[in-house]
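Note sheet for the following structure.
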Amino acid sequence: MPKAKGKSRRHKYSYNLNRKRLYRSARRRAAPRIACSHIRHAWDPHKSVAQNLAEMGLAEDPNKAVPIPKKLLGMEVGSDGQQLGKKIVRKPYVVNEMELEASLPEKKSNTLSRDLIDYVRYMIQNHGENYKEMARDEKNYYQDTPKQIKRKINVYKNFYPEEYKDFIASLKPEKMEVQ
């Protein structure tokens, strides 16, 4: 097979290109990707990571921030009385906002689809507790077995217990009127 064109030619070094300047400007532009919005807004791109974190009151290295006492490591410690110098926190609002956000209760995000809720309600309304009859129903598009239908109904009961109780309570007067 023939070689690709241009592969065999010698690559020339460009002496006029200032690679230090190119590298430095690319490094300056590439800021670290920060997930927390509080840190992102307080970040100063002209300072190093250590300086930025120190100003916010955050630790760069958790091992240095909270050292393991030497007693736990099995060695005796002589009391030196030396304390580490406290760093000045210029942006305490970052830590305060992060603590406030962390203290909020977590929102329950898992819900059931509207189709599944309608399916379960239809089956309960028309068949009550008869799962074999539910499995033979024409609206059972996915051809669920009686056990699968029972499982789906139990999931609905666990997700929406109050709504399920209200639904069952609303069905009982209808059945009494029919009889």
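A quick note: this is a predicted structure, and the numbers were derived from the prediction, not measured.
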Could you go step by step and tell me if Ile124 and Ile168 meet the side-chain contact (heavy atoms from CB on, under 4.5 Å) rule?
CA-CA 9 Å; Ile124 293 172; Ile168 295 297; 3.8 Å; yes
Can Glu129 and Tyr131 be said to form a side chain to side chain donor-acceptor pair (under 3.5 Å), step by step?
CA-CA 6 Å; Glu129 295 284 320; Tyr131 299 110; 3.2 Å; yes
With side chain to side chain donor-acceptor pair (under 3.5 Å) as the test, would you mind laying out the steps for Tyr119 and Asp144 before giving the verdict?
CA-CA 11 Å; Tyr119 172 76; Asp144 293 329; 3.3 Å; yes
Run the side-chain contact (heavy atoms from CB on, under 4.5 Å) test on Tyr122 and Asp118 for me, step by step, so that the C-alpha distance in whole Å, both residues' side-chain angles and the decisive distance to 0.1 Å come before the verdict.
CA-CA 6 Å; Tyr122 168 82; Asp118 293 340; over 6 Å; no
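Taking a 6.0 Å sphere around CZ of Arg90, one finds it holds 12 or fewer heavy atoms contributed by other residues, nucleotides or ligands. In this structure, Lys165 places its NZ atom where only 12 or fewer heavy-atom neighbours from other residues, nucleotides or ligands lie under 6.0 Å away.
Shortest non-hydrogen contact noted between Leu53 and Glu60 is CD1-CA, 3.9 Å. Listed here is the closest heavy atom pair of Met134 and Gly128: CE-O, 3.0 Å.
Side-chain atoms of Tyr164 and Glu162, non-hydrogen and from C-beta on, never get closer than 4.5 Å to each other. Inter-residue side-chain proximity for Ile117 and Arg114 is flagged as met; some heavy-atom pair is nearer than 4.5 Å.
Between Met123 atom CE and Ile153 atom CD1 the span is 8.0 Å, to the nearest 0.5 Å. Atoms CG and CG, on Leu112 and Asn158 in that order, are 9.5 Å from each other to the nearest 0.5 Å. Annotation: the span from Asp137 atom CG to Glu133 atom CD amounts to 8.0 Å, rounded to 0.5 Å. Atoms CD1 and CG, on Ile149 and Asn140 in that order, are 4.5 Å from each other to the nearest 0.5 Å. With rounding to the nearest 0.5 Å, the separation of NZ in Lys132 from NE2 in His127 is 15.0 Å. Atom CD of Glu101 and atom OG of Ser37 lie 6.0 Å apart (nearest 0.5 Å).
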Only distances under 3.5 Å count here; give the side-chain donor-acceptor pairs of residues 91-99 to other protein atoms, sequence neighbours excluded, each with its distance to 0.1 Å.
residue, atom, partner, partner atom, Å
Lys91, NZ, Ala42, O, 2.6
Asn96, ND2, Pro92, O, 3.3
Glu97, OE1, His38, ND1, 2.9

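No side-chain donor-acceptor contact under 3.5 Å links Asn52 to the backbone of Trp43.
Note: Tyr160 and Tyr156 have tilted aromatic rings, judged against thresholds of 30 and 60 degrees for the angle between ring planes.
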